[in-house]
There are 2 protein chains.
Amino acid sequence: MAERVRLIDVAREAGTSVSTVSRALNGSDLISPEVVAHVRAVAGQLGYRADKRAQEFKLGRPLTVGVTVPDLTNPFFSEVLKGLNAAARAGGYRLLIGESSEDPAEELRLVDELVDYSGALVLCSSRLTRAGLEKALAQPVPVVCINRTVKNAGVVAIDYRAASRLLLEHLTGLGHRRVLYVGGPATSWSDGERRRTLRRTARALDVTLDEVDGGWSGNHGYDAGPTVLHSRATAVITFNDLVGIGLLSWMYDNGVEVPSELSVASYDDIPIAAYSRPPLTSLRNERAKLGELAWEQLTKRLGGADWPAPDLLTPELVVRASTGPARRRARIRAS
Amino acid sequence: MAERVRLIDVAREAGTSVSTVSRALNGSDLISPEVVAHVRAVAGQLGYRADKRAQEFKLGRPLTVGVTVPDLTNPFFSEVLKGLNAAARAGGYRLLIGESSEDPAEELRLVDELVDYSGALVLCSSRLTRAGLEKALAQPVPVVCINRTVKNAGVVAIDYRAASRLLLEHLTGLGHRRVLYVGGPATSWSDGERRRTLRRTARALDVTLDEVDGGWSGNHGYDAGPTVLHSRATAVITFNDLVGIGLLSWMYDNGVEVPSELSVASYDDIPIAAYSRPPLTSLRNERAKLGELAWEQLTKRLGGADWPAPDLLTPELVVRASTGPARRRARIRAS
DNA sequence: TCCTTGAGTGCAAACGATTGCAACCGATCG
DNA sequence: CGATCGGTTGCAATCGTTTGCACTCAAGGA
């Protein structure tokens with residue numbers, strides 16, 4: 001907790017001026033090598049560290065990118081953050097992270113705050129209303145949206161159209177003709193996309209698609225158990241793996257065999273999905289890559305270019321033991 | 001992306017000086033109410049937003065706290081971050097998050113970088129060597145360690161002594177006399193604590209304790225399967241729930257019944273632990289609270305006080321179906 | 001020898017905010 | 001009526017850094 005060493009201290013000690021020290025430390029070419037060496041030595045010895053605040057202030061460009069996520073504890077977002085963090089750090093930027101707790105109003109507040117500190121914004125699965133989003137985009141910094149398409153901003157998203165097709169084709173291939181979708185948070189754009197693309201594909205494949213509301217956690221999945229059981233579907237698609245795992249748990253607790261009586265599949269393929277009982281069929285997507293791509297778009301934009309075309313990531317279906325051939329007879333209902 | 005409005009612009013428009021505007025906006029009491037109202041109005045109309053960089057630079061105190069975590073995707077850390085984030089935000093601070101990827105060298109680099117931007121540091125389950133930690137503590141900002149005890153810093157940790165006792169007493173109550181611990185990352189202080197306290201308690205309870213190395217993920221648990229099976233233990237304690245769930249999965253795949261043939265229990269009780277098959281007996285700890293307490297220690301310290309005594313959080317044992325009475329006969333070994 | 005040249009260096013002005021201090025005002029008091 | 005005083009306001013310095021510009025000085029050409 002010693003006193004801060006400033007440029008002027010180094011200058012005094014080295015017997016030169018602050019400008020010389022600054023230039024020496026920043027590798028300017030109009031300074032003699034000996035002086036550079038000397039100054040570097042003195043600076044090192046004194047333990048000089050540039051005041052980043054003053055530096056960024058003077059230079060005018062914040063080397064920070066603000067990120068909002070709905071929920072820090074959701075593995076999906078964690079991994080996106082991981083990818084984004086790595087990419088941004090490699091580019092000399094740091095991440096300022098805000099969590100909106102799935103609340104659009106809070107997210108708006110967050111954006112409003114982060115923009116004061118950041119040179120760029122990344123909105124991860126934004127729960128913002130359309131109007132809120134417009135407002136966010138009016139900020140004087142470039143914005144990238146992950147998993148939400150919008151004009152005048154960078155866009156990186158999962159290709160849900162392809163995703164839903166993969167899922168439904170897998171299920172129809174197993175003979176399922178009636179599928180139930182257990183949905184996610186109402187404010188989630190990606191839930192909307194999943195529903196939209198599922199409906200569309202279901203129509204094309206001549207599959208009956210039912211939908212119920214759900215949520216994003218294991219609890220939501222577990223709670224959906226009775227509804228699922230009483231539906232006439234032979235296969236269920238859940239909003240994400242946490243919901244899927246919760247649902248599997250309910251089925252086990254209530255003696256419903258998966259996949260012989262009911263197939264369950266899901267989006268995201270978080271690591272733990274491979275270890276559920278039975279292991280969950282799910283759509284693997286490169287979440288970390290979402291973050292990396294977001295950063296790429298941002299650098300291009302910061303470099304002066306226009307926004308590139310949206311990046312769409314196509315997921316890959318990982319078939320595990322939670323899906324199997326459709327049963328023939330109507331399920332025996334629990335009382 | 002309009003031009004920034006500065007204080008001087010507001011002053012010009014309002015027909016006063018910058019000092020007046022600054023004072024009006026910051027609620028100084030030596031300024032007339034009418035002027036305040038007028039300035040506020042003009043500022044609002046012009047859409048003025050203080051340049052936080054300049055502000056913090058001038059004021060000299062960074063309103064940012066730097067945090068390091070070994071792995072963003074680990075639910076344990078996510079929740080700690082959640083709690084810390086909420087508390088810090090409430091206190092007007094923001095979080096700058098760095099991920100060390102479980103690598104001590106990277107963590108040291110991270111600390112070195114974060115300290116330039118932050119008014120305080122929180123090291124979450126630091127993987128630093130003792131020397132590295134000393135170095136980090138020599139930084140000119142207060143440091144709080146979560147799950148690692150150290151002098152001259154704030155400390156918030158899980159009470160592993162109580163934790164291990166709860167676990168072992170539960171198992172001995174079920175008749176287990178031989179227990180295997182599947183460990184975590186070698187650089188993890190908390191793994192060391194778990195081992196230390198388990199050994200000690202095992203001795204006190206006259207339980208035979210074996211140990212094997214493991215890791216922190218589901219994969220590590222799954223891979224530990226064969227070793228566990230060939231051990232003579234009737235119960236296993238895993239480093240965390242992810243490892244536990246991975247191990248359960250291997251047991252299932254290899255026809256080992258849990259808990260009738262083998263009991264499995266773990267630390268942390270992450271949400272998904274309730275939905276594994278069978279549901280995992282685990283130690284619930286208030287992870288978000290760890291973050292909150294870290295913030296509390298920090299504010300006290302920033303307020304000029306000495307470091308308070310370490311906060312120790314006692315976990316609570318959540319008994320689920322993965323633990324049961326010890327089997328009598330020697331297990332039939334798989335080939 | 002003197003002037004030009006260019007590399008190396010220092011002075012001082014920024015960046016945008018906050019704040020101590022002095023100046024100013026009208027009102028009140030002696 | 002002048003000095004004083006309390007309440008407002010503006011001037012200017014300041015935070016630590018970068019950088020345009022002017023300057024110095026040695027070398028080289030005329």
Side-chain angles (χ1 to χ4, degrees), chain A residues 2-40 42-43 46-64 92 113 115-119 140-141, chain B residues 2-44 46-64 92 113 115-119 140-141:
Chain A
E3 269 308 299
R4 258 206 105 79
V5 181
R6 290 152 308 160
L7 258 192
I8 194 170
D9 301 318
V10 180
R12 193 174 306 131
E13 186 69 19
T16 72
S17 71
V18 284
S19 1
T20 303
V21 177
S22 170
R23 280 192 266 254
L25 261 30
N26 293 326
S28 165
D29 51 350
L30 32 73
I31 208 160
S32 69
E34 308 90 71
V35 176
V36 172
H38 178 226
V39 168
R40 287 251 167 90
V42 172
L46 256 51
Y48 170 76
R49 327 202 75 209
D51 181 326
K52 293 289 181 182
R53 247 172 202 79
Q55 214 167 26
E56 288 193 12
F57 162 59
K58 169 63 180 156
L59 295 177
R61 58 190 132 96
L63 293 175
T64 303
E113 188 190 308
V115 76
D116 281 338
Y117 293 90
S118 315
V141 297
Chain B
E3 269 309 299
R4 258 205 105 81
V5 180
R6 287 154 309 162
L7 212 45
I8 194 169
D9 301 317
V10 179
R12 194 175 304 133
E13 186 69 19
T16 70
S17 70
V18 285
S19 1
T20 304
V21 177
S22 170
R23 280 192 267 253
L25 261 29
N26 293 328
S28 163
D29 50 352
L30 32 74
I31 206 161
S32 69
E34 308 90 71
V35 177
V36 171
H38 178 225
V39 168
R40 287 252 166 89
V42 172
L46 257 51
Y48 170 76
R49 328 202 74 206
D51 180 326
K52 294 288 180 183
R53 253 179 194 77
Q55 212 167 28
E56 288 193 11
F57 163 58
K58 168 63 180 156
L59 295 177
R61 58 188 131 98
L63 293 174
T64 302
E113 188 191 307
V115 77
D116 281 338
Y117 293 90
S118 315
V141 298

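The sequence lines fix the lettering, A, B, ..., with proteins before strands; numbering per chain opens at 1. On a predicted model such as this, the values are computed, not experimentally measured, just so you know.
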Among [options], the one nearest [X] by side-chain distance:
| X | options | answer |
| --- | --- | --- |
| B/Ser32 | C/dG16, C/dA17, D/dT9 | D/dT9 |
| A/Val18 | C/dA12, C/dG16, C/dT9 | C/dA12 |
| A/Asn26 | C/dT18, D/dT18, C/dG16 | D/dT18 |
| A/Ala50 | C/dA17, D/dT17, C/dC15 | D/dT17 |
| B/Thr20 | C/dT9, D/dT9, D/dA12 | D/dT9 |
| B/Arg23 | C/dG16, C/dG20, C/dG10 | C/dG20 |
| A/Asp51 | C/dA12, D/dT9, D/dG16 | D/dG16 |

Subject >> From A/Asp116 atom CG to B/Glu56 atom CD, the distance as rounded to the nearest 0.5 Å >> reply: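 Answer rounded to 0.5 Å: 10.0 Å.
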
Original post:
Roughly how far apart are B/Arg23 CZ and B/Thr16 OG1, rounded to 0.5 Å?
Top reply: 10.5 Å

Original post:
Counting only side-chain N and O atoms of B/Gln55, is one of them less than 4.0 Å from OP1 or OP2 of C/dG16?
Top reply: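 Answer no for this pair, as no side-chain N or O of B/Gln55 is under 4.0 Å from OP1 or OP2.
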
Original post:
Below 4.0 angstrom from OP1 or OP2 of D/dT18, is there any side-chain N or O of A/Ser22?
Top reply: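 Yes, such a contact exists.
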
**OP:** Have a look at B/Leu59 and say if it touches a base, only the backbone sugar-phosphate, or nothing, with a 4.0 Å heavy-atom cut-off.
**Re:** sugar-phosphate

Original post:
So does A/Lys58 reach the base of D/dT19 with its side chain, donor to acceptor, closer than 3.5 Å?
Top reply: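 No.
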
Subject >> Pairwise 5' ranking along DNA chain C for A/Val21 and B/Leu7, keeping only the more 5' one >> reply: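 The residue mapped nearer the 5' terminus is A/Val21.
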
Original post:
Ignoring hydrogens and geometry, is there a side-chain-to-backbone donor-acceptor pair from A/Arg40 to A/Ala24 under 3.5 Å?
Top reply: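 Yes; at least one donor-acceptor contact below 3.5 Å.
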
